[in-house]
Amino acid sequence: QLQLVESGGGLVNTGRTLTLSCRASGFPLTNYVVAWFREAPGKDREGVSRIITGDGTTYYADSVKGRFTISWDAAENMISLEMRNLRPEDTGTYYCTVGSTRTSMTLPLLPYEFGFWGRGTQVTVSS
């Protein structure tokens with residue numbers, strides 16, 4: 001069964017760190033574009049970061065640059081997103097998604113270019 005499962009969300013205070021994980025099952029993440037989006041209530045889904053697993057190239061939205069780090073563990077078939085110095089505006093549901101290097105390369109990230117999504121994990125940053 002093809003599946004993406006996110007984990008690691010929670011409630012933290014401003015300035016703290018959370019690490020999200022996205023574990024894929026049923027297929028290897030090799031040579032895909034894997035991205036994290038987030039969605040806050042009343043706002044559009046926002047692309048946060050991506051990694052191209054074929055060459056390790058990464059991208060970060062300006063809002064998280066310098067605070068978030070995306071990485072790929074091939075042995076675990078898992079993508080992680082370390083989020084440091086969290087702010088209240090980082091609050092939202094975080095989704096992992098997989099796309100193709102042919103059709104999912106636009107920057108800033110566009111959610112409609114990605115067709116396979118996890119169910120999300122909630123991150124709440126309290127001030």
Side-chain angles (χ1 to χ4, degrees):
Q1 182 180 2
L2 305 181
Q3 205 172 11
L4 293 172
V5 179
E6 302 95 334
S7 62
L11 170 63
V12 295
N13 292 328
T14 297
R16 300 303 293 268
T17 297
L18 278 176
T19 299
L20 306 183
S21 297
C22 171
R23 189 177 293 275
S25 58
F27 69 104
L29 287 172
T30 312
N31 293 322
Y32 282 103
V33 181
V34 186
W36 287 94
F37 284 77
R38 66 187 180 190
E39 190 169 322
K43 294 188 177 180
D44 293 336
R45 192 166 291 193
E46 173 193 13
V48 172
S49 180
R50 80 161 189 211
I51 186 166
I52 302 173
T53 56
D55 62 11
T57 305
T58 59
Y59 159 83
Y60 301 94
D62 287 344
S63 57
V64 305
K65 200 171 294 181
R67 301 187 296 122
F68 289 15
T69 302
I70 191 170
S71 60
W72 177 51
D73 185 333
E76 294 292 327
N77 205 33
M78 185 174 71
I79 299 290
S80 295
L81 184 69
E82 183 187 33
M83 308 184 296
R84 302 178 301 279
N85 192 20
L86 282 162
R87 305 167 180 168
E89 54 263 39
D90 295 317
T91 293
T93 302
Y94 283 68
Y95 298 91
C96 175
T97 181
V98 175
S100 163
T101 56
R102 291 179 298 165
T103 59
S104 311
M105 296 293 287
T106 304
L107 294 176
L109 297 166
L110 297 174
Y112 61 77
E113 289 191 352
F114 293 83
F116 187 50
W117 295 78
R119 294 190 174 188
T121 186
Q122 177 67 33
V123 171
T124 303
V125 184
S126 172
S127 57

Shortest non-hydrogen contact from [X] to [Y]?
X    : Y    : result
T53  : T30  : OG1-C, 3.5 Å
M78  : L29  : N-CD1, 4.1 Å
M105 : E113 : N-OE1, 3.4 Å
Q3   : F27  : O-CE2, 4.1 Å
L4   : C22  : CD2-SG, 3.9 Å
V98  : V34  : CG2-CG2, 4.3 Å

With rounding to the nearest 0.5 Å, note down the distance linking [atom1] in [X] to [atom2] in [Y].
X    : Y    : atom1 : atom2 : answer
E6   : T93  : CD    : OG1   : 9.5 Å
R84  : D90  : CZ    : CG    : 12.0 Å
L18  : T121 : CG    : OG1   : 8.5 Å
S127 : L86  : OG    : CG    : 13.0 Å
S21  : E82  : OG    : CD    : 11.0 Å
S49  : L109 : OG    : CG    : 7.5 Å

TODO: For E39 and G92, indicate whether the former's side chain and the latter's backbone hold a donor-acceptor pair under 3.5 Å.
DONE: no

- [ ] Without swapping roles, check the side chain of T14 against the backbone of S126 for a donor-acceptor pair under 3.5 Å.
- [x] yes

Task: Within 6.0 Å of CZ in R16, more than 12 heavy atoms from elsewhere - done: no

Open item on the list: So for atom CG, which belongs to D55, do other residues, nucleotides or ligands contribute more than 12 heavy atoms lying within a distance under 6.0 Å?
Closed with: yes

Task: Centroid separation W36 to F68 less than 6.0 Å - done: no

Open item on the list: In this structure, is the centre-to-centre distance between the rings of F116 and Y32 below 6.0 Å?
Closed with: no

Task: Ionic contact status for K65 with D62, cut-off 4.0 Å - done: yes

TODO: Assess whether side chain to side chain contact (heavy atoms under 4.5 Å, CB included) is satisfied between I70 and I79, documenting all intermediate values.
DONE: CA-CA 7 Å; I70 191 170; I79 299 290; 3.8 Å; yes

Tell me whether [Y] is reachable from [X] by hopping between hydrophobic residues (I, L, V, M, F, W, Y) whose side-chain heavy atoms are closer than 4.5 Å.
X   : Y    : value
Y95 : L20  : no
V48 : Y59  : no
I51 : W117 : no
M83 : V125 : yes

Task: Residue from Y94, F114, Y112 passing ring pair (Phe, Tyr, Trp, His ring centres under 6.0 Å) with F37 - done: F114

Open item on the list: Looking only at side-chain N and O atoms, does E46 offer a donor or acceptor that is under 3.5 Å from a partner on S63?
Closed with: yes

- [ ] Test R38 against V64 for side chain to side chain contact (heavy atoms under 4.5 Å, CB included), laying out the working first.
- [x] CA-CA 12 Å; R38 66 187 180 190; V64 305; 3.9 Å; yes

